[in-house]
Asker: 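I have a structure here, written as structure tokens, and I will follow up with some questions on it.
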Amino acid sequence: MIPTMDGANTQSSSSHLLATYKPRETHFVRGEGCHLWDQQGRHWIDALAGIAVNGLGHNHPRLVAAISEQATELLHVSNLYSHPAGEELAAKLCELTRMQAVFFSNSGAEANECALKIARKAAWLHNQLDPSNPRGSHFVALTGSFHGRTLGSLSVTSTPRYREPFAPLLECLFVAPEDSAALEEALASNPAALILEPIQGEGGLVSLSRDYLQAARRLCTASGTILIHDEVQSGCGRTGTFLAAMDAGVQADLVTLAKSLAAGLPMGATLVNEDLKGVLEPGDHGSTFGGGPLASRAALVFLDEYQNGLAENISARSEQLTQGLDALVRSSPLVSERRGRGLMQGLLIPDRAAECEARAFEAGLLVGTCAGDVLRLVPPYVLSAEDTDSILDLLQSVLVSMSKQS
Ligand SMILES: Cc1ncc(COP(=O)(O)O)c(C=O)c1O
């Protein structure tokens with residue numbers, strides 16, 4: 001008999017899904033832009049976008065047309081055969097990120113897994129060439145980090161609750177964000193890489209300062225450490241620049257993307273600079289589905305929209321959202337801080353973020369929570385000025401009703 005945690009299985013006993021999530025019973029049946037409807041015709045405004053995924057919102061006409069057309073032509077051929085959409089997408093992504101080559105996978109965790117493997121292989125190659133000054137196989141990451149649930153990406157994720165049941169993991173030293181001296185000391189141990197999120201998502205929408213991002217770059221260069229930026233959540237334009245680290249003028253050696261990249265289809269990408277381009281050779285890594293024609297076509301539509309007006313909408317709506325959230329911080333005694341930037345923002349609502357999320361849901365607004373106390377808004381990039389006003393109005397009325405009952 002295998003023991004289970006008391007109360008861990010909250011899924012209805014008739015479900016055949018493993019109880020890794022606690023889903024609401026609501027069944028959404030239709031979406032349009034930032035709007036969702038359930039079977040009974042109840043309406044919600046979506047400020048969560050499937051957890052920072054649906055950049056083009058729901059039922060985007062160009063996206064639907066491209067996917068439908070591709071489905072009638074070809075769904076999958078494997079990476080044993082090249083296809084034009086994959087090549088075109090890789091070239092466009094390299095141009096937008098100023099990187100040199102891409103490996104496509106299906107999720108953020110896989111994108112990070114590939115980045116960690118590239119760093120490990122680079123260390124192995126280095127040690128063969130220069131055994132007198134060996135690089136270690138361990139990693140350095142930041143407290144508050146979240147990089148995924150596979151064993152490699154979990155190893156560099158700091159949350160003890162996620163890690164402990166799955167030990168032993170890969171060796172990783174965790175240092176506090178914004179402490180450059182601690183980082184310098186950790187890098188002196190010659191790790192295979194430093195991995196960080198320029199804006200920590202699951203960790204509570206914590207933006208790393210420009211100074212810290214620049215210091216991390218400098219320290220990595222000085223110590224010969226590979227720098228990995230996990231932009232799975234903050235990338236693909238979500239924070240106002242294509243990569244969040246561009247705001248600090250910092251270029252990593254490896255960058256990972258997923259979430260919004262294929263606008264709702266599963267896709268991850270690991271991008272490398274010139275120095276790391278030749279590290280992986282045929283047979284070193286792979287993915288049966290990664291970068292297939294369907295997801296690549298979807299991502300091409302997303303990037304084309306991004307370059308033709310969507311980026312401007314993100315900037316305008318980000319400004320509007322920032323002003324509105326700042327006003328909520330000033331007006332509500334329950335909110336102590338605005339976090340994040342662009343269309344990756346949140347409110348610190350000590351002890352009551354989950355209640356706020358639940359009440360918002362009842363009021364017809366989808367938002368999320370992270371790090372326990374933070375209400376998270378990661379809306380579709382296509383949201384309009386009216387959608388943004390509706391989100392802010394609904395949040396305000398929820399916060400007012402919560403304060404009356406505290
Ligand atoms: C920064 C970051 N990295 C990695 C992941 C893992 O992505 P996925 O769930 O697609 O594996 C996430 C997911 O939330 C994330 O926010």
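Model, not experiment: these values are computed from the prediction. Just the heavy atoms: all of them, side chains too, but no hydrogens, waters or symmetry mates, feed the values below. In this chain, residues are counted from 1 in sequence order. One-based numbering, in listed order, for ligands and for the atoms of each.
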Asker: Hey, which atoms in ligand 1 end up nearer than 4.0 Å to a heavy atom of Ser107?
Answerer: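 Answer, ordered by atom number: 10 (O), 11 (O).
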Asker: Is it true that the NZ or CZ of Arg317 lies under 6.0 Å from the centre of Tyr381's six-membered ring and within 45 degrees of the ring axis?
Answerer: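 No, a cation-pi geometry is absent between Arg317 and Tyr381.
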Asker: Not counting sequence neighbours, which residues clear ring-ring contact (aromatic ring centres under 6.0 Å, His included) with His285? List them please.
Answerer: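 Here the qualifying residues are Phe103.
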Asker: If I apply the N/O under 3.5 Å rule, does Ala258 come out as touching ligand 1?
Answerer: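 No, no N or O pair falls under 3.5 Å.
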Asker: At a non-hydrogen distance cut-off of under 4.0 Å, which region of His147 contacts ligand 1 (side chain, backbone, both, or neither)?
Answerer: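 For His147, the contact with ligand 1 is made by the backbone alone.
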Asker: Short list, please: which atoms of ligand 1 are under 4.0 Å from a heavy atom of Glu197?
Answerer: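 Counting atoms of ligand 1 from 1, those under 4.0 Å from Glu197 are 1 (C).
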Asker: Can you tell which part of Lys259 has a heavy atom less than 4.0 Å from ligand 1: side chain, backbone, both or neither?
Answerer: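 It is the side chain that touches ligand 1; the backbone stays farther off.
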Asker: State plainly whether the residues Arg359 and Glu355 are in salt-bridge range, i.e. N to O under 4.0 Å.
Answerer: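 Yes, charged N to carboxylate O under 4.0 Å.
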Asker: Looking at atom 3 (N) of ligand 1, what's its closest protein heavy atom, distance included?
Answerer: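 Looking only at protein heavy atoms, the one closest to atom 3 (N) of ligand 1 is Asp230 OD2, 2.7 Å.
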Asker: How about Leu194 and Val175: do any of their side-chain heavy atoms sit closer than 4.5 Å?
Answerer: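 In short, these two side chains do not touch, never coming nearer than 4.5 Å.
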Asker: Under 4.0 Å from atom 8 (P) of ligand 1, is there any protein heavy atom?
Answerer: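 Within 4.0 Å: yes, protein heavy atom nearby.
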Asker: So does Glu357 pair up with Arg24, basic N to acidic O under 4.0 Å?
Answerer: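 Looking at Arg24 together with Glu357, the answer is yes, because their closest N to O distance falls below 4.0 Å.
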Asker: At what distance is the nearest protein heavy atom to atom 10 (O) of ligand 1, and which residue and atom is it?
Answerer: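 For this ligand atom, the closest protein heavy atom is Gly108 N, 2.8 Å.
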Asker: Under 4.0 Å from any heavy atom of Glu202, which atoms of ligand 1 are there?
Answerer: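 Selected atoms, number and element: 14 (O).
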Asker: Please report which non-hydrogen protein atom sits nearest to atom 16 (O) of ligand 1, along with the residue it belongs to and the distance in Å to one decimal place.
Answerer: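 For atom 16 (O) of ligand 1, the nearest protein heavy atom comes out as Gln233 NE2, 2.8 Å.
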Asker: Which bit of Ala109 is near ligand 1, meaning a heavy atom under 4.0 Å away: side chain, backbone, both or neither?
Answerer: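 Both parts.
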Asker: Is it the side chain, the backbone, both or neither of Thr150 that has a heavy atom closer than 4.0 Å to ligand 1?
Answerer: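 Looking at Thr150 and ligand 1, no heavy atom falls under 4.0 Å.
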Asker: Using the six-membered ring wherever Trp is involved, compare the ring planes of His76 and Phe289 and label them parallel, tilted or perpendicular (cut-offs 30° and 60°).
Answerer: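 The rings of His76 and Phe289 sit tilted, inter-plane angle from 30° to 60°.
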Asker: Under 3.5 Å, N or O to N or O, is Glu110 touching ligand 1 that way?
Answerer: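 No.
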Asker: Indicate yes or no: at least one non-hydrogen side-chain atom of Arg297 is less than 4.5 angstrom from one of Glu73.
Answerer: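 Answer yes - side chains close enough.
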Asker: Using a strict 4.0 Å threshold on nitrogen-to-oxygen distance, state whether Asp304 and Arg62 make a salt bridge.
Answerer: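 Yes, charged N to carboxylate O under 4.0 Å.
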Asker: Can you classify the ring geometry of Phe146 versus Tyr162 as parallel (below 30°), tilted (30 to 60°) or perpendicular (above 60°)?
Answerer: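 Judged by the thresholds at 30° and 60°, the geometry between Phe146 and Tyr162 is perpendicular.
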Asker: Identify, by atom number and element, the atoms of ligand 1 in contact range of Asn112, meaning under 4.0 Å from any of its heavy atoms.
Answerer: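 What qualifies from ligand 1 is 3 (N), 4 (C).
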